[in-house]
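Here the structure comes first, spelled out in structure tokens, and everything after it is commentary.
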Protein chains: 2
Amino acid sequence: MTKVEEIITNDQQRIARYAKALGHPIRMYVMELLSKQSCCYSGDLSEELPIAKSTLSQHLKELKDAGLIQGEIETPRIKYCINKENWEEAKSLFNKFLGTKDK
Amino acid sequence: MTKVEEIITNDQQRIARYAKALGHPIRMYVMELLSKQSCCYSGDLSEELPIAKSTLSQHLKELKDAGLIQGEIETPRIKYCINKENWEEAKSLFNKFLGTKDK
DNA sequence: GTCATTGTTCGTTAAATTACGAACAAAAGT
DNA sequence: ACTTTTGTTCGTAATTTAACGAACAATGAC
């Protein structure tokens, strides 16, 4: 009868999308790293993390598809950093949701 | 070689668990509702939301299993509310992650 | 050109997620 | 006892997720 879009707000859709992307320890690890040190190389991640590089690649793709990170080619490596614009949006959405006073 | 637990912190595991639970629009909707109005009945949710009640039940179970909500029998209905203790932990973890100043 | 290096894509597999309706269980009302 | 209300559980199906290794592509070094 009623459609999802009439009930679930756009913000809820978006924050759920971000939350989903953060819903894995490896991806949390990457995001936390990036929020601390501005950028990283997947080769370095691949060394520290005990997972196949193809698996890591998939996780990075997840984060990229969710808009949380972006990759920049810096041959022969790829430099990953936070996607500032979307990250700001995500933070704003989470802060609002969490009832934090700012924003 | 190295184990996941040596790399991924406990906090990262926990916040990822919470994020995963929040990674669906329906569940975001419920959590947002509960953070506003302290409690709700799944019957009411079932009416507003265009999904089967069995599906809703599953989503509520997800949130319950993640520790974000708790159900209290109030026959014949079930009253759902935030699980305060875990919600505080989740907020604290998210705030730390998001780089918010408080907490 | 050939060889490393770096990271993605492919193919596969196992498990988890999402969704539905039907069946079921519990408890209160008649 | 029967019915109604409320919500969970069951059975099923389609899709997505997570993981691996092998194969592949791009680029720089030899």
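First the proteins, then the strands, lettered A, B, ... as listed; each starts at 1.
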Inset, instruction - In whole angstrom, give the distance that lies between atom OH of Y41(B) and atom P of dT5(D). - result: 18 Å

Inset, instruction - Report yes if a side-chain nitrogen or oxygen of K20(A) is closer than 4.0 Å to either non-bridging phosphate oxygen (OP1 or OP2) of dT17(D); otherwise report no. - result: yes

Inset, instruction - Could you state the atom-to-atom distance from CZ of R77(A) to P of dA29(D) in whole Å? - result: 12 Å

Inset, instruction - Would you indicate whether E85(B), at its atom CD, is surrounded by more than 12 heavy atoms from other residues, nucleotides or ligands within a distance under 6.0 Å? - result: no

Inset, instruction - Report yes if a side-chain nitrogen or oxygen of R27(A) is closer than 4.0 Å to either non-bridging phosphate oxygen (OP1 or OP2) of dA18(D); otherwise report no. - result: yes

Inset, instruction - Measure from CD1 on I51(A) to C1' on dA18(D) and round the result to the nearest Å. - result: 10 Å

Inset, instruction - Check whether any side-chain N or O of H24(B) sits under 4.0 Å from OP1 or OP2 of dA19(C), and answer yes or no. - result: yes

Legend entry - Sole candidate of I51(A), V30(A), L49(A), L45(A) that passes side-chain contact (heavy atoms from CB on, under 4.5 Å) when paired with H59(A): I51(A)

Inset, instruction - Indicate whether OP1 or OP2 belonging to dT8(D) is found under 4.0 Å from a side-chain N or O atom of Y80(B). - result: yes

Legend entry - side-chain contact (heavy atoms from CB on, under 4.5 Å) partner of L68(B), the single match among L34(B), N83(B), L22(B), I82(B): L22(B)

Legend entry - Rounded interatomic separation in angstrom, taking NZ from K53(B) and C1' from dT4(D): 12 Å

Inset, instruction - Assign I73(B) to base, sugar-phosphate, or nothing according to its heavy-atom contacts below 4.0 angstrom with the strands shown. - result: nothing

Legend entry - Among dC20(C), dT17(D), dT9(C), the nucleotide that comes nearest once only the side chain of E62(A) is considered: dT17(D)

Legend entry - Carboxylate-amine/guanidinium proximity below 4.0 Å for D11(A) and K96(A): yes

Inset, instruction - Verify the contact: side-chain N or O of H59(A) to OP1 or OP2 of dA19(D), cut-off strictly under 4.0 Å; return yes or no. - result: yes

Inset, instruction - Ignoring backbone atoms, test whether S54(B) places a side-chain nitrogen or oxygen under 4.0 Å from the OP1 or OP2 oxygen of dT8(D). - result: no

Inset, instruction - Using a heavy-atom cut-off of under 4.0 Å over every strand shown, decide if T55(B) touches base, sugar-phosphate, or nothing. - result: base

Inset, instruction - Would you mind reading off the distance between Q58(A) atom CD and dT13(C) atom P, rounded to a whole angstrom? - result: 16 Å

Inset, instruction - Would you kindly give the NZ-to-P distance between K61(B) and dT18(C), to the nearest whole Å? - result: 13 Å

Inset, instruction - Have a look at L56(A) and say if it touches a base, only the backbone sugar-phosphate, or nothing, with a 4.0 Å heavy-atom cut-off. - result: nothing

Inset, instruction - Indicate, with a heavy-atom threshold strictly under 4.0 Å, whether S42(B) touches base, sugar-phosphate, or nothing. - result: sugar-phosphate

Legend entry - Electrostatic pair R77(A):E74(A) at N-O distance under 4.0 angstrom: no

Legend entry - Length of the CG-P vector between D65(A) and dA18(D), whole Å: 12 Å

Legend entry - Spacing of E72(B) atom CD relative to dG7(D) atom P, expressed in whole Å: 13 Å

